[in-house]
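Here's the structure we're looking at; comments come further down.
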Amino acid sequence: MKNGYFGRYGGRFVGETLMPAILELDSTFKKLKHDRGFNQHLNSLLSKYVGRPTPVTFCPNLSTKFGCKIYLKREDLAHTGAHKINNALGQALLAKTMGKTRIIAETGAGQHGVATATACAKLGLECQIFMGVVDMERQKPNVFRMKLLGADVIPVSSGTQTLKDAINEALRDWSASTATTHYLIGSALGPHPYPEIVAHFQAVIGREARSQILKETKRLPNAIVACVGGGSNAIGIFRAFLKDSDVRLIGVEAGGLGIKSGKHAARFADPELGRPGILHGSLTYVLQDRNGQIYNTHSISAGLDYSAVGPEHSYLREIGRAEYHYVTDKECLKAFHLLSEMEGIIPALESSHALAYSFKLARNFEKDDIILVNLSGRGDKDIFEVARYSGDKL
C-alpha cells in the first residue's frame, strides 16, 4: 500500500465533514499499531478473551471423499463465533485511545454486529448497530444476541434493506457525530485507512495459520481458499502468504442464483456489471449498471450480499497474485450440509462458499496436495435460513 492506495484501488472519497475524523483515525493507527502497550493489551484480549490461537483442523472424511488433504482454519471457534472479533476489539481499543465514547457499526450477517457489541460491552462503550430489515429477518438469532449484549440495533428500511444500505445509514450518523463517535467498519473496505486497519487486525489469522500448517504438515499448502464479501477474513489469511508464490490464494464470491439470473453478488465474475467504481469511500470493483447506479445484489449469505469488494482484493486480482471465483446458493448449501454431516462442524453460509469451491478444486489435486480453507464463522446463525431454503421446519 502507498498513500492509501493498493495500486490504483483504494483512496479516500468522503465528504469534508468526515475528513477530520478520518485523519485522526489514520494518525492514531499509525502511532499505535507498533506501540508495545497497545499491542500487549490487544494480544491479552485475543488470548484470554477471544481464545486465540484458533486451531487448524484436518478433515479426514472430506479428504478421502475429494482426494486431497483438506484443512480448516477454525475462526468459527473464536469468541462470538467468527473472525470479526479480531478487528472489533482492535478498533474499539483505538476508539478508546481517541477518547470516543460511542461506537457505531454496520452488519449484514450479524457476526460483525455481535463482535462489535461484545467489544463494546467488554470495554465499556456505547454501541449502536445499523442492520437492514431483510438481514434482520434472516439473522434473528444474531439480532437477539446483539441486544443481549447491550447494543441498540437500528433497522434500515431504505434501498435493498441489506448491508449496502446499513453502511449508508452508518455513514450518515457518523457525519453528524464524529466528536464522540467512532465508526467501526467490519470489512476491509471503505476510505483509507480502514482497509489497512481491518487487514492489520485480521492478519493474526494468517500468521497463526502459516505456523500451524507448517508444524502439522512440514510444508505450505497448495491453495488457501476464503470467502469474499468485503473480504476481511480472506485478506487476513492471505497476507501471511503473499510472498509464497507457490501458494494459490483463492477468494470465493457469492454467485447467488447464478450470474445469468442476475441475482448474485459476484463483483469480479460478472463482465457486464462488475467494474471499477467508487462506493463507500474507496475506488474498487463495484456491481453497477451502465449509468453507474449500484446494482442490487443477492445471496443466501447475508455477509456476502454486498455490491463492492475491498480494494486490496481488486489489486491482488489485477496483479495476478490472487484469483477469484464464485459458487451459487445451491452449491453453498450442499457444502454446508457436507461439512456438517461428514466432519461434525456446522459452518457459516459465508464460509460454505469457500468450502464449496474447495471441493471443486480438490478434484483436480493429488492425494498429498493440501487445501487450507478459512472457516470464517460457525453456522448457528444460519440454521433457520438453511431450513427455509431446504423446505424444513424448525
Worksheet entry | Within 45° cone and under 6.0 Å: Lys122 NZ/CZ vs Tyr49 ring | yes

Practice prompt. May I ask you to decide whether Glu24 forms a salt bridge with Lys100, counting only side-chain N to carboxylate O separations under 4.0 Å?
Written response: yes

Fill in: NZ/NE/NH1/NH2 to OD/OE distance under 4.0 Å, Glu75 and Arg378
no

Discussion item. Checking side-chain contact (heavy atoms from CB on, under 4.5 Å) between Glu312 and each of Val198, Thr284, Ile235, which is the one that passes?
Written reply: Ile235

Fill in: Lys/Arg-Asp/Glu bridge criterion (N-O < 4.0 Å) met for Lys73, Glu208
yes

Worksheet entry | Phe13 atom CZ, neighbour heavy-atom count above 12 within 6.0 Å | yes

Worksheet item: Which atoms form the tightest heavy-atom contact between Arg275 and Arg290, and what is the distance?
Response: NH2-CA, 3.6 Å

Fill in: Aromatic centroids of Tyr315 and Tyr9 separated by under 6.0 Å
no

Item to complete: Return the orientation label for the Phe268 and Tyr324 ring planes: parallel under 30°, perpendicular over 60°, tilted otherwise.
Response: tilted

Worksheet item: Is the shortest side-chain N to carboxylate O distance from Arg138 to Asp135 below 4.0 Å?
Response: yes

Worksheet, complete the sentence: With sequence neighbours left out, the residues meeting side chain to side chain contact (heavy atoms under 4.5 Å, CB included) with Ser261 are Leu257, Lys263

Discussion item. One thing to verify: whether Glu366 and Lys69 come together as a salt bridge, which I'm taking to mean a side-chain N less than 4.0 angstrom from a carboxylate O.
Written reply: no

Item to complete: Tell me, please, whether Tyr285 has Arg317 positioned over its six-membered ring: NZ or CZ under 6.0 Å from the ring centre and within 45 degrees of its axis?
Response: yes

Worksheet item: What is the minimum heavy-atom distance between Leu355 and Ala335, and which atoms define it?
Response: CB-CB, 4.0 Å

Item to complete: Measure from the ring center of Tyr5 to the ring center of His192 and say whether it is less than 6.0 Å.
Response: no

Worksheet item: Distance only, no hydrogens: is a donor on one side chain within 3.5 Å (strictly under) of an acceptor on the other, for Ser376 and Glu350?
Response: no

Worksheet item: Using 4.0 Å as the upper bound for N to carboxylate O, is an ion pair formed by Asp244 and Arg210?
Response: yes

Worksheet item: Can you name the one residue among Asn87, Leu189, Ile22, Asp26 that meets side-chain contact (heavy atoms from CB on, under 4.5 Å) with Tyr194?
Response: Ile22

Discussion item. Please determine whether a side-chain nitrogen of the Lys or Arg among Glu331 and Lys334 lies less than 4.0 Å from a carboxylate oxygen of the Asp or Glu.
Written reply: no

Worksheet item: Angle class for the Tyr357/His325 ring planes (parallel below 30°, perpendicular above 60°, tilted otherwise)?
Response: parallel

Worksheet item: Is any side-chain N of the basic residue among Asp368 and Arg219 closer than 4.0 Å to the acidic one's carboxylate O?
Response: no

